[in-house]
Structures are given as C-alpha cells and as structure tokens.
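The chains referred to below are lettered A, B, ... by the order of the sequence lines, with proteins before strands, and numbering in each begins at 1.
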Amino acid sequence: MTEDDNKLVAERRAKLAALRATGGPAFPNDFRRDALANELLLGYGALSDAALEASAVRVKVAGRMMLRRIMGKASFAKLQDSSGQIQIFVQREALGEQPYDDFKGWDVGDILGAEGVLFRTKTGELSVRVEGLRLLVKSLQPLPDKWHGLADTEARYRQRYVDLIMNEDSRAVFQKRTALVRFLRDMLDARGFLEVETPMMQPIPGGAVARPFVTHHNALGIDMYLRIAPELYLKRLVVGGLERVYEINRNFRNEGLSTRHNPEFTMLELYQAYADYRDLMDLVEQMLRGAAEAVLGTLQFDSQGQHHDLRDAFERVTVEDLILRCNPGLERARLRDVPYLRAACEARGIPWKPGDGAGKLQIEIFEKTGEHTLVQPTFVYAYPAEVSPLSRANDLDPFLTDRFEFFVGGRELANGFSELNDAEDQAARFRAQVERKDAGDEEAMFYDADYIRALEYGMPPTAGLGIGIDRLAMLLTGSPSIRDVLLFPQMRPE
RNA sequence: GGGCCGUUAGCUCAGCUGGUAGAGCAGUUGACUCUUAAUCAAUUGGUCGUAGGUUCGAUCCCUACACGGCCCA
C-alpha cells in the first residue's frame, strides 16, 4: 500500500488481498463472452415478452460494472462493454448465498463476467437474469460520480482512460475521428492513390515554414530533426513515378500549445501528377462532403455554434480580393506597395518586420482581418510567391503562385498548390530562404540539395495538398479544442 | 510572452464582511426479491494547489510560484 492511497483505495486493496487469499487466480482470463451489450439490445430489444420468454436466449456478457442497486436478496447492475451497457439482474435464489454475498462486496468499476438468460423487467428493460457471475478484475481506483461523470478538463486529458470509461461523448468523438480517417483512405485508394510512409526523422527538415524539434543520432553522430512535413519526400516519390501518393501521419512543430495547436499533429498530404491546384480544390470539396456524409451521415450540421450546409458550392476568392473585402479603406492598385502596406499594418496594430515584402505583409493583413470571417467553407487562392517557397509561380502574374488555402469555421483546414517543378527556380527560392535563416528567421527553410537533384531528374506537373486531420475532426465533432480530438494531448508534466 | 478566471473530500460542487469546512454521489454498517441518479436509517472521509506575508486568528486579504481553462500576441 502506497502512502498516497486514500481510504477508498485502501478498502479496495483489502478486498483484493482477501480475494488473493482464497487461492484462486485473482485476475482470471478464462471467461469467454459470446455477446456484446448493444448487439443484444438491437437483436432482442424489440421482441415481445412472450417471444423472449419462449426463446430463452442464453448469453455470456462481460464488462465494467457502472451502476449497482442492491435491494436485499436481489440486485440490478449495469455492465458496460465496448458497444454500450446492458443491465443484469442478480438474485440470491438463482446464484446461491455465498456467491451473492461476494457480489455485494464488489465495487462499481470492477469488471465482471455474467451468464444467464435474456428477459425483460417489469419496467421493460432488456436484461440478463444471471445464473453465473464472476469477478474478472478488481478495480482499485474509484470511478468519478456516476451522474456527473468526469468534468474536470485537465483530468480528462491527463487520464483519458477515465474519461473514456465515463463519457460516452468522448468515446463518440474518437470513433468519429477513426471513421474520418478510414473514409479518407478509402476515397484516395479508390482514386488510385498509393499510401506510403516517409521518414519522421530527417537530416534536413523541409516542406513547411516552422521550427523543428531536434534530436541526435549517436551512431551517425549527427543531429536529426522530427519532420515538420513529409512534402519533399513525397515529391521525390512523384519524381520516381509514383504519380499519386499520400501519407496520413504525424508532423512535429516546436511551437506553443493552444486550442488549435499541439506539438504533434496529424496531416494528410497527397500529390497528384498531371493535376493543378484547381483540381485539388475540387478534390477538397468532394472530400469534405464525403467525410461529413461518412462521419455524420449528413451534409448539414452545427459545429461550434455555427451552421454548415455543404450542399452549397464552396466560395473561391483571391487573397487580394479578400483583403479588400475585409478592409474597405484599402486601394487595390497599391496592394503590392511595401510602404503602403506597412502603413496599413500600423493602422491596424499589426506588427511587421523590416525584411517583410509586399507578399508577407499582405498575408499578415489577411490573417488578422480576414481569416476569422471565413466561417463557411471557403477557398482563398492566389497566394504571394514570397510566402509560398514550394509553389509554382502563376504564369500570368509572377507575384503570385497557384496556391490555395481552405478555411471553415474561421480555421485553416487545408493548403494546396500546383507544385514548383522547375529545379532552378526551386534552388533560387531555397537560397532566399537560407538568407532569411541567416538573418535570424528560425522558421525559414534549409537548402535541401538532394531535393534539388531529384527535381533535376524531372518531376511531372503535379499538384499537392495537405489537410489537418485534427482540425477536420474538430469541425466534424464540434470540438472547441484540438485536445478534445487527441487521445493523449500534450500536457506539462504533473 | 501578456490579460482574465479557476484549483476545497475519490467525483460534482457550496462555503456571506477573516473566527480552524459543508452537501450530493461514492465508501462503510443496517433494512429491502423488478430497480432506472433505486429508496430508507446511521456513519467514515479534508495539509482548502504550494511557499511566504499581513493579522490575536487566513479556505477567505496580499505576494510569488505550480498546474489548468479562456482570450490576446
């Protein structure tokens, strides 16, 4: 017994000690169930009492005891398994005096195996009339309040196992998340995409603008980086002739925590040869509709107090048009004029840095004044080249790239573009990033010589897309925080 | 990084102007063979986040820190 045991735990330890003293296995693993709670409710819940009586269905169920009501020589209890809960009816007459007394000493939270016949109680609830009952696992820790459950957010994140036991809503969120990922895989597989796995540990982190985590490889004697994106590896595969590839996996970014950011998060990245960013906008639109249909069974839903109807076509608007829409005082003709944009930033309390060009300043203004207004699904496209070092420049307007970001509920959900496959242009943009890095920008990119070499072999015209799976799961489950859709969100150590 | 709010029994929460802490559930004991947050009776359980300070006296006021939440950057 440890010193931090409270009285409740001590009592349960004493019960376990008594159980061990009887000589049998305290944690038996020879009980085999043959039914799940929800299967029984669905399969027999609608049968009439007479039909149920006549068929005398024998079942073995197992699960955690979530409720217990003892009324002298008979008791009711609720067993919870992965499918749901079913009531059992325990009678001393049917079980025998000693086993019934044993049962009365068990606790809510213990895991039981029960065998008996299905019947319906006087109040109409399908239940198991127990003929045999075993304690399979003695639980030592008391569960939270049976009615209020576990409400404390910190405890829900730190002890997710308790949250999952107590909160059906929480279980549903993670089931939906899994349904979402399964849908995305099915959809892409059906379109001829190949799912691949590329390095998580990279000697040169690339594919995004972010600070990486650094670790060290002892045998090689080099620092390595946890990837901030798989992008450059996936595009190497396109060079290699894998013309449609995707990866759904973790990225790591050494940044702060918030309701929208976790240091490790899940991204879907995909690349499709002989396609451009417009094709991918179409793909995202179909993907979001399909995901809502697969996860929620509808295209109309509420999330975070906002109603979404995905039947409507998603709006498409350029960065500059959106800036003008949200800042009526600005003039289109001067939107690429650095002094003008600096003044516009200052008038809005937006900080800027001396090295920022017109493209970067535009994006600062867009993020502060426009992003939060994008509640309904919206594609914002024509991003400045300055902030898009991996995107293909626009053929008509070299200030811009063929790139979009996708927003719902005021949050960025996806980022896609026609890929830059001109090796010499890419090398020049890497050099520009290195200059920023040398000037002290820790988020600027490294020069990846092997990636340039790969492009020199020739990458087919390609479009690529990244979707934040966590944020998409937040949207579809109505979760206000990324922590609600991560089983084990990052927390400061206790 | 900044601002605001929170931290009291295993859980959910009260606690007035500073006078050494309460409820419900859970637990324990007893009653009860159809309950639905079962009911009834009795009862155990607290370093009031941590460390200082003010005070005759601090859960309460002040300071710092820790952890969490929300908003901002």
When you measure from the centre of the six-membered ring of A:Y383, is the NZ or CZ of A:R403 closer than 6.0 Å and no more than 45° off the axis?
yes
Side chain of A:W147 (C-beta onward), nearest among B:rA37, B:rA38, B:rC11:
B:rA37
Out of B:rG10, B:rA38, B:rG27, minimum distance to the side chain of A:N6 belongs to B:rG10
Geometric cation-pi criterion A:R134 and A:F31, 6.0 Å radius, 45° cone:
no
Glycosidic class, syn or anti, of B:rU7 using a 90° window around 0:
anti
So which of A:F314, A:F417, A:Y277 actually passes ring pair (Phe, Tyr, Trp, His ring centres under 6.0 Å) with A:F406?
A:F314
Suppose we define a pair by two distances each less than 3.5 Å, Watson-Crick or G-U wobble; what does B:rC32 pair with here?
none
Determine: side-chain N/O of A:K73 to OP1/OP2 of B:rC34, distance under 4.0 Å, yes or no.
no
Counting the atoms with a prime plus P, OP1 and OP2 as sugar-phosphate, which does A:G149 contact under 4.0 Å by heavy atoms, base, sugar-phosphate, or nothing?
sugar-phosphate
Tell which nucleotide pairs with B:rC13, taking only Watson-Crick or G-U wobble pairs whose two distances are both under 3.5 angstrom.
B:rG22
Side chain of A:K146 (C-beta onward), nearest among B:rU35, B:rA37, B:rG27:
B:rA37
For the side chain of A:E154, counting heavy atoms from C-beta on, which of B:rC32, B:rC11, B:rC67 is nearest?
B:rC67
Under 4.0 Å, counting only non-hydrogen atoms across every strand here, what does A:Y100 touch: a base, just sugar-phosphate, or nothing?
nothing
Proximity to the side chain of A:A151 - top-ranked nucleotide from B:rU12, B:rU35, B:rA26:
B:rU12
Out of B:rC34, B:rC67, B:rU33, whichever nucleotide has its closest atom nearest the side chain of A:R158:
B:rC67
On the nucleotide B:rG68, are OP1 or OP2 found under 4.0 Å from the side-chain N or O atoms that A:R492 carries?
yes
Strand partner of B:rG1, provided both Watson-Crick or wobble distances fall under 3.5 Å:
B:rC72
Contact summary for A:S127 and A:Q87, nearest pair of heavy atoms
OG-NE2, 3.0 Å
Classify the nucleic acid contact of A:T259 as base, sugar-phosphate or nothing, counting any heavy atom under 4.0 Å across all strands shown.
sugar-phosphate
Does any nucleotide pair with B:rU43 by Watson-Crick or G-U wobble geometry, both distances under 3.5 Å, and what is it?
B:rG27
Nucleotide nearest A:S481 (side chain, heavy atoms from C-beta), chosen from B:rC70, B:rU35, B:rG27:
B:rC70
Mind checking the P distance from B:rC60 to B:rG18? Whole angstroms is fine.
11 Å
Phosphate oxygens OP1/OP2 of B:rG68: is one of them under 4.0 Å from a side-chain N or O of A:R483?
no
A:D102 and A:Q98: side chain donor to acceptor below 3.5 Å
yes
Output the single nucleotide from B:rA26, B:rU12, B:rU35 whose closest atom is nearest the side chain of A:D152.
B:rU12
Using purine N1 to pyrimidine N3 plus N6-O4 or O6-N4 for Watson-Crick, or N1-O2 and O6-N3 for G-U wobble, both under 3.5 Å, which nucleotide pairs with B:rC65?
B:rG49
Closest nucleotide among B:rG24, B:rA38, B:rU44 to the A:D145 side chain
B:rG24
So, does A:R160 use its side chain to make a donor-acceptor pair with the main chain of A:L486 at under 3.5 Å?
yes
If the cut-off is 4.0 Å, is A:R69 near the phosphate of B:rA38, judged by side-chain N/O to OP1 or OP2?
yes
If you find the nucleotide of RNA chain B closest to A:T121 and the one closest to A:P480, which residue's nucleotide is nearer the 5' end?
A:T121
